Amino acid sequence: MDRIQMKTPLVEMDGDEMTRILWAEIKKELLEPFIDLKTEYYDLGLPEREKTQDQVTVDSAEATKKYGVAVKCATITPNAQRVEEYKLSQMWKSPNGTIRAILDGTVFRAPIMVKGVSPVVKNWKKPITIARHAYGDVYKNSELCPKTPGKAELVFTDSQGNETRQTIFDFTGPGVLQGQYNTDKSITSFAHSCFQYALDTRQNLWFATKDTISKQYDHRFKDIFQEVFEAAYKAKFEKAGIEYFYTLIDDAVARVIRSEGGFIWACKNYDGDVMSDMVSTAFGSLAMMTSVLVSPDGNYEYEAAHGTVTRHYYKYLKGEETSTNPMATIFAWTGALRKRGELDGIPSLGEFAGKLERACIETIESGVMTKDLAGLWEGETPARAVNSLDFLKAVRERLEIFHPKG
């Protein structure tokens with residue numbers, strides 16, 4: 001069988017540490033033997049971001065707007081320790097935050113479910129999809145650490161030069177403060193994306209913030225969602241037999257734990273970051289969750305929902321064997337390939353993506369898996385924990401049954 005030909009390149013965003021190692025192995029073992037892989041490559045590894053003063057991140061997002069589909073490896077968001085480790089000129093902001101700010105849209109994250117790995121929450125029978133707002137909030141914030149007594153104020157100057165001031169806090173000594181923002185336009189896009197996705201998948205939609213405490217910021221989200229729902233989706237939801245409701249986020253957490261799953265839980269940016277990790281871990285592993293950013297303009301960026309697996313990377317540098325789960329990274333590639341094939345009219349790309357996903361799931365269900373899943377295994381076949389490369393090779397063997405090479 002000849003390699004599948006592509007028309008339009010994917011935007012490829014390489015990353016950091018252990019996921020960067022796996023990224024190259026996935027391409028070598030599972031993609032390039034079967035696809036004439038066409039990508040426009042951007043190195044989002046921290047050294048390159050430092051070298052380009054983070055321009056490479058902006059360029060990769062703009063390329064996504066040009067080509068429509070991107071696939072991204074996990075990247076480091078540096079803290080003070082990373083600044084010292086990598087000799088950075090500044091503490092660069094989250095690449096994901098920068099990309100999301102440029103593309104806008106919503107991140108949809110859902111667990112990869114396999115037989116033999118039961119959710120920690122035993123009543124969860126169906127996947128829970130996290131819809132995460134992908135703009136503003138803490139990821140694009142401004143922060144200060146005042147060292148002396150003084151007054152912190154929130155100041156807004158309108159286009160006519162008129163000022164509105166509000167005291168945040170009167171400091172009597174050192175402290176820390178933060179300013180964050182959002183826009184009605186982005187919140188409205190978020191709402192439309194969530195309602196449309198709920199209709200497309202015929203799932204109930206929950207939305208949760210803390211408007212009882214954040215009486216303007218969070219309340220604005222609540223109001224816009226309700227306005228958009230009433231104006232454009234209420235009748236459609238009734239016809240589809242699904243529902244939308246708003247609740248406080250602490251109430252939502254309790255409802256989620258008691259539920260059987262099978263719904264979309266819409267969250268603000270930071271809430272979605274935290275809750276998607278909680279959901280993915282409770283379903284089995286952080287490495288078992290898909291993630292896609294969908295922009296209002298119809299652009300798609302697929303990525304793993306987890307980080308760069310730093311601990312395994314340090315072991316790898318010492319020459320030690322690692323058993324890092326590559327599932328979410330593989331599914332980022334399959335999601336991007338499927339969408340590229342759909343947009344370009346190449347059904348064979350989508351078919352290949354489905355075969356690769358099936359090969360991954362059946363490999364695990366046969367008892368071959370990485371260590372993170374072996375400890376959770378409840379299948380009839382005894383679990384065989386393997387290192388990352390052996391897992392990829394096992395997937396490759398099964399994939400060749402479904403998709404023989406020429």
Side-chain angles (χ1 to χ4, degrees), residues 9-32 37-67 69-103 107 134 138-143 273 277 286-287 291 293 301-326 328-330 332-333 336 387-389 392:
L10 291 172
V11 176
E12 179 185 351
M13 306 174 184
D14 209 344
D16 289 296
E17 298 188 319
M18 200 63 219
T19 45
R20 185 184 182 95
I21 304 301
L22 290 176
W23 189 264
E25 292 296 334
I26 289 167
K27 289 173 62 180
K28 175 184 173 183
E29 195 72 37
L30 301 178
L31 301 178
E32 290 170 344
L37 196 61
K38 186 179 294 186
T39 72
E40 183 163 306
Y41 179 84
Y42 292 87
D43 184 357
L44 266 58
L46 196 48
E48 186 67 16
R49 280 183 273 149
E50 169 66 18
K51 179 181 175 181
T52 65
Q53 297 293 282
D54 211 30
Q55 184 61 41
V56 65
T57 306
V58 175
D59 292 344
S60 70
E62 293 297 339
T64 304
K65 294 168 89 172
K66 176 182 178 181
Y67 292 108
V69 185
V71 58
K72 180 181 175 296
C73 184
T75 47
I76 293 169
T77 299
N79 55 16
Q81 183 263 323
R82 296 293 200 169
V83 169
E84 182 177 342
E85 179 183 356
Y86 282 87
K87 310 302 180 189
L88 305 178
S89 58
Q90 62 175 279
M91 199 180 297
W92 300 109
K93 289 186 178 292
S94 160
N96 289 343
T98 298
I99 294 165
R100 290 165 188 161
I102 293 171
L103 297 181
V107 177
V138 69
Y139 299 88
K140 299 297 288 185
N141 67 14
S142 297
E143 299 178 320
D273 190 357
D277 280 3
L286 281 171
S291 181
L293 171 67
E301 183 243 323
Y302 295 82
E303 62 181 328
H306 59 75
T308 57
V309 202
T310 305
R311 183 172 59 85
H312 286 194
Y313 180 61
Y314 290 154
K315 289 179 65 177
Y316 170 84
L317 291 179
K318 294 176 184 177
E320 298 177 15
E321 187 175 275
T322 64
S323 184
T324 313
N325 190 335
T329 305
I330 294 171
W333 275 103
N387 64 41
S388 306
L389 296 185
L392 293 179

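Hydrogens, waters and symmetry mates are skipped; everything else that's a heavy atom, side chains included, is used. Here the structure is a predicted model, which means the values were calculated and not measured. Numbers for residues simply follow the sequence, beginning at 1.
In this structure, Y42 and T64 have side chains that are not in contact, with every pair of non-hydrogen atoms separated by 4.5 Å or more. Between S89 and Q53 there is a side-chain heavy-atom pair separated by less than 4.5 Å. Counting heavy atoms from C-beta outward, L30 and W333 have side chains that stay 4.5 Å or more apart.
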- Message: Set out, in order, the CA-CA distance, both residues' side-chain angles and the distance that settles side-chain contact (heavy atoms from CB on, under 4.5 Å) for R20 and D43, then state yes or no.
- Response: CA-CA 10 Å; R20 185 184 182 95; D43 184 357; 2.9 Å; yes
- Task: Would you check, one step at a time, whether the test side-chain contact (heavy atoms from CB on, under 4.5 Å) holds for M13 with I99?
- Result: CA-CA 11 Å; M13 306 174 184; I99 294 165; 3.7 Å; yes
- Trace of the side-chain contact (heavy atoms from CB on, under 4.5 Å) decision for S291 with V107: CA-CA 7 Å; S291 181; V107 177; 3.3 Å; yes
- Checking side-chain contact (heavy atoms from CB on, under 4.5 Å) for the pair I76/R49: CA distance, chi angles, key distance, verdict? CA-CA 10 Å; I76 293 169; R49 280 183 273 149; 4.1 Å; yes
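Rounding to the nearest 0.5 Å places CG of D16 at 11.0 Å from CD of E48. The distance from atom OH of Y139 to atom CG of N96, rounded to the nearest 0.5 Å, is 9.0 Å. Atom OH of Y302 and atom CG of L293 lie 10.0 Å apart (nearest 0.5 Å). Here OG1 of T308 is found 11.0 Å from CE of M18. Values are rounded to the nearest 0.5 Å. Atom CD in E321 sits 8.5 Å away from atom CG in L389 (nearest 0.5 Å). To the nearest 0.5 Å, the span separating CG on D54 from OG1 on T52 amounts to 6.0 Å.
With no hydrogens or angles considered, no side-chain donor-acceptor pair links E50 and Y86 at under 3.5 Å.
Residue L392 comes nearest to E25 through the heavy atom pair CD1-CB, 3.8 Å, listed as atom of the first residue, atom of the second, then distance. Across all non-hydrogen atoms, the minimal contact from L10 to A336 is CD2-O, 3.7 Å. M91 and A80 make their closest contact through CE-N, 3.7 Å (heavy atoms, listed as atom of the first residue, atom of the second, distance). A pairwise comparison of heavy atoms in D14 and C73 identifies C-CB, 3.8 Å as the closest pair. Of all non-hydrogen atoms in A134 and R100, the two that sit nearest each other are O-CB, 2.7 Å. Closest of all the heavy-atom pairs between P95 and T75 is CG-OG1, 3.5 Å.
A side-chain donor-acceptor contact under 3.5 Å links K93 to the backbone of N141.
Counting heavy atoms of neighbouring residues, nucleotides and ligands inside a 6.0 Å radius, atom CD of E84 does not exceed 12 of them.
Exactly one residue among T324, T322, T19 makes a side-chain hydrogen bond (donor to acceptor under 3.5 Å, both in side chains) with H312. That residue is T324.
Under the 4.0 Å criterion applied to side-chain N and carboxylate O atoms, E17 and R82 are assigned as salt-bridge partners.
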